[in-house]
Amino acid sequence: MASTSDGDRPWQSYHTVFTNAKAGMDGVDKEKVQKTVYEMSKGSKYFENEQRKEAFIKQKIENLRAQCAQITANDISYFQTIADKKMSELEASRDLSKIWLHSDMDAFYASVETLVDPSLNGKPLAVGSMSMICTANYMARKFGVRAAMPGFIARKLCPELIFVPPDFKKYTFYSELTRKVFPKYDPHFIATSLDEAYINVTEICNERGISGGEVAEELRNTIYEETGLTCSVGVAPNRLLAKVCSDINKPNGQFVLPNDRRAVMTFISSLPIRKIGGIGKVTESMLREVLGISTCEEMVHKSAHICALFSHSSSDFFLSVGLGLGKTDTPQFKMRKSISSERTFSATEDESLLYQKLDEIAETLSNDMHKEDLSGRTLTLKLKTASFEVRTRAVSLQKYINSKQDILSHASKLLKAELPLSLRLMGRKPCLTPRQLLNHCLYLEQMVASLVYMILIYA
DNA sequence: GTAGGAAGGACCC
DNA sequence: TCCCAGGGTCCTTCCGAG
């Protein structure tokens with residue numbers, strides 16, 4: 001395990017997002033994958049930036065550890081009282097009366113491409129480009145290829161890998177087909193992306209006297225009949241758990257967690273925290289390296305420390321995870337809060353080229369805003385330097401804007417203040433308010449959407 | 001002392 | 001050959017204004 005030094009196996013300390021277990025990654029030679037990723041990354045600007053970020057996180061962990069070491073027995077009993085109070089409030093809010101489904105299409109983009117072009121069947125396939133992969137089919141995943149991996153590394157892992165460029169029109173079409181199925185089970189279903197949705201099936205279960213598992217079975221069949229695509233479904237008393245469950249028997253499977261407190265607590269007791277949506281690489285290592293927490297249940301064991309070290313919203317979240325709680329209500333319609341456009345290009349210091357990129361992005365952004373009849377008040381310019389450092393520069397304006405000219409003139413000012421600079425990416429982001437809403441309620445500042453506008457330059 | 005803007009990050013698909 | 005995206009949401013921290 002960690003018994004070898006970095007000198008022997010340097011790749012072992014290069015943890016990227018693609019080295020975690022993901023659905024369809026069983027039987028992958030993880031060490032080989034990790035080594036290949038490391039070999040192809042080391043020495044690059046990207047790699048250097050990752051190391052810089054990692055050092056920063058390490059420091060953060062050290063600080064937390066030091067803070068932790070200062071906690072006295074007195075502090076602990078104080079924070080234990082706080083934690084216990086929080087947990088009993090959370091426990092009181094537990095609602096086991098709802099049955100939620102989380103539906104997740106299997107390797108969605110790749111499956112759509114295969115459906116449209118059956119000659120791709122049985123071949124390792126990646127949707128994306130040499131610079132970035134959006135989705136890989138299950139055959140490609142056996143080689144360690146996965147979403148968010150750059151294509152050139154994927155090709156190294158799997159030389160026969162077929163690349164198909166993304167075609168969002170196609171995916172939207174098939175997504176809409178699935179969204180015609182969901183309302184039969186829940187008219188207020190929540191779509192969280194083209195391929196994922198939450199469906200509250202409590203009523204349909206009661207009406208028809210069937211279980212959540214039976215509804216899931218039927219829903220998967222219906223989706224297959226309507227689209228020719230498979231999905232996986234999780235069934236649980238809340239959305240957080242349903243999402244975890246949909247991943248368990250992927251692809252083309254389902255998993256039911258009964259509406260029973262003991263079943264939930266048993267499920268949670270051995271569940272790695274990384275499986276929880278919202279706990280990523282950084283949070284996982286903070287919790288593990290500072291408090292020794294690796295399963296959800298341990299959140300409860302370390303509740304006093306959690307309350308002592310983290311903010312209210314973070315500790316509330318961590319403790320609710322430890323109790324296996326999640327949202328059970330259907331939120332009202334959610335307004336978009338921001339809109340953005342960004343492009344990556346070869347790094348350059350050529351200012352006229354940068355302004356030209358900015359012009360293109362302003363145009364795209366303005367068009368996108370007009371399509372949805374949005375305008376925004378806060379414009380953020382996002383820049384990525386040739387060394388992958390990201391900077392944002394924002395202005396809040398008197399007026400809501402959405403014309404290309406307005407966007408461009410304000411963004412240009414922001415850019416001008418940053419030059420000279422060698423960049424890979426630039427962007428902007430104004431807060432937006434839908435005109436319709438503006439007409440009715442001028443003060444709906446809470447409902448603003450922001451607009452990100454990026455340009456990318458590369459050296 | 002607080003609300004809100006700005007900047008930076010974590011995370012998700 | 002090609003060499004690490006683009007579209008979002010939410011949270012935290014810092015800071016100067018009224």
Side-chain angles (χ1 to χ4, degrees), chain A residues 16-18 20 22 37 39-50 53 56-57 60 104-105 107-109 127-135 146-156 163 165-166 168 171 175 191-197 243 274 276-286 310-317 331 334-347 361 364-365 368 377-384 386-397 414 424-425 427 429-432 445-446 448-456 458:
Chain A
T16 73
V17 69
F18 357 101
N20 317 298
K22 235 241 159 185
V37 171
E39 292 294 339
M40 299 205 66
S41 303
K42 71 172 176 196
S44 68
K45 294 277 189 208
Y46 177 81
F47 184 81
E48 284 170 21
N49 190 249
E50 288 301 295
K53 287 197 290 187
F56 185 78
I57 293 164
K60 216 165 130 183
D104 191 347
M105 302 301 291
F108 185 51
Y109 301 167
V127 175
S129 67
M130 212 45 75
S131 63
M132 189 54 69
I133 289 175
C134 306
T135 313
R146 53 159 294 176
M149 176 181 274
F152 67 94
I153 292 179
R155 194 189 43 187
K156 185 82 173 182
F163 285 86
F168 285 93
Y171 314 144
S175 178
T192 52
S193 66
L194 287 179
D195 71 321
E196 286 186 27
K243 164 108 174 138
R274 189 65 164 85
I276 302 291
I279 298 185
K281 193 179 76 162
V282 174
T283 308
E284 180 193 30
S285 38
M286 280 196 327
F310 297 101
S311 69
H312 282 296
S313 79
S314 295
S315 49
D316 284 355
F317 173 62
K334 278 201 160 183
M335 180 68 60
R336 166 207 274 281
K337 299 207 167 93
S338 69
I339 186 167
S340 67
S341 173
E342 60 182 79
R343 293 291 169 267
T344 298
F345 44 87
S346 295
I361 292 165
T364 307
L365 189 55
D368 290 352
R377 202 173 63 86
T378 302
L379 180 68
T380 303
L381 179 72
K382 176 173 165 183
L383 309 166
K384 191 183 271 180
S387 52
F388 287 86
E389 183 197 343
V390 175
R391 296 184 199 176
T392 59
R393 295 293 178 263
V395 272
S396 288
L397 309 166
L414 292 173
R424 292 193 86 232
L425 172 148
K429 166 185 189 171
C431 289
L432 305 178
E445 296 296 296
Q446 311 301 342
V448 296
S450 65
L451 173 73
V452 176
Y453 172 15
M454 303 176 56
I455 307 172
L456 190 59
Y458 207 165

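The sequence lines fix the lettering, A, B, ..., with proteins before strands; numbering per chain opens at 1.
Comparing C/dC4, B/dA10, B/dC13 by their nearest atom to the side chain of A/Val282 picks out B/dA10. Of all nucleotides listed (C/dT9, B/dG8, C/dC4), B/dG8 comes nearest to the side chain of A/Thr392. Closest to the A/Met132 side chain, of the nucleotides B/dC11, C/dC4, C/dC2, is C/dC4. Here B/dC12 is the nucleotide among C/dG8, B/dC12, C/dC4 with the atom lying nearest to any side-chain atom of A/Lys243. Side-chain proximity of A/Ser131 to the nucleotides B/dG5, C/dT9, C/dA5 is greatest for C/dA5. With distances taken from any side-chain atom of A/Arg393 to the nucleotides B/dA10, B/dG8, C/dC2, the minimum falls on B/dG8. Closest contact between the side chain of A/Ala394 and the listed nucleotides C/dC4, B/dA7, C/dC2 involves B/dA7.
Residue A/Leu194 is classed as having no contact, given no heavy-atom separation below 4.0 Å to the nucleic acid. A/Gly277 comes within 4.0 angstrom of the backbone, heavy atoms only, and of no base. If you check every strand for non-hydrogen atoms under 4.0 Å, A/Lys60 touches nothing. Note on A/Thr283: only backbone sugar-phosphate atoms sit closer than 4.0 angstrom, heavy atoms only; bases stay farther off.
Taking 3.5 Å as the limit, the base of B/dC12 and the side chain of A/Ser193 contain no donor-acceptor pair of atoms between them.
When both pairing distances are held under 3.5 Å, C/dC10 makes a Watson-Crick or G-U pair with B/dG9. The nucleotide C/dA5 finds no pairing partner, because no Watson-Crick or G-U wobble arrangement with both distances shorter than 3.5 Å includes it.
The distance between atom CD1 of A/Ile276 and atom P of B/dC12, rounded to the nearest whole Å, is 11 Å. Straight-line distance from the CD atom of A/Glu50 to the P atom of C/dA5: 10 Å, rounded to whole Å. Protein atom NZ of A/Lys156 is 12 Å distant from nucleotide atom C1' of C/dC3, rounded to whole Å. As rounded to whole Å, 5 Å separates atom P of C/dG6 from atom CD of A/Glu342. Per the geometry, CG belonging to A/Asn49 stands 9 Å off P belonging to B/dG9, to the nearest Å.
Of the possible polar contacts, none joining the A/Ser341 side chain to the A/Leu365 backbone as a donor-acceptor pair under 3.5 Å is found.
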Could you please spell out the steps behind the side chain to side chain contact (heavy atoms under 4.5 Å, CB included) verdict for A/Thr283 and A/Ser314?
CA-CA 10 Å; A/Thr283 308; A/Ser314 295; over 6 Å; no

A/Val282 and A/Phe56: CA distance, side-chain angles, deciding distance, side chain to side chain contact (heavy atoms under 4.5 Å, CB included) verdict
CA-CA 11 Å; A/Val282 174; A/Phe56 185 78; over 6 Å; no

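By the 30° and 60° cut-offs, the orientation of the rings of A/Phe388 relative to A/Tyr46 is perpendicular.
Taking the nucleotide of DNA chain B with the nearest heavy atom to each of A/Ile57 and A/Asp195, the more 5' of the two is matched to A/Ile57.
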N/O-N/O pairs, protein side and nucleotides 12-15 of chain C side, under 3.5 Å:
from   : atom 1 : to       : atom 2 : distance (Å)
C/dT12 : OP1    : A/Ser311 : OG     : 2.2
C/dT12 : OP1    : A/Ser313 : OG     : 2.9
C/dT12 : OP1    : A/Ser314 : OG     : 3.4
C/dT12 : OP2    : A/Ser313 : OG     : 3.3

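The existence of a salt bridge linking A/Lys53 and A/Glu50 is confirmed by a sub-4.0 Å separation between a basic side-chain nitrogen and an acidic carboxylate oxygen.
Note on A/Arg343: a side-chain N or O is less than 4.0 Å away from OP1 or OP2 of C/dG7. Applying the 4.0 Å criterion to OP1 and OP2 of C/dA5, one finds that A/Lys384 has a side-chain N or O inside that range.
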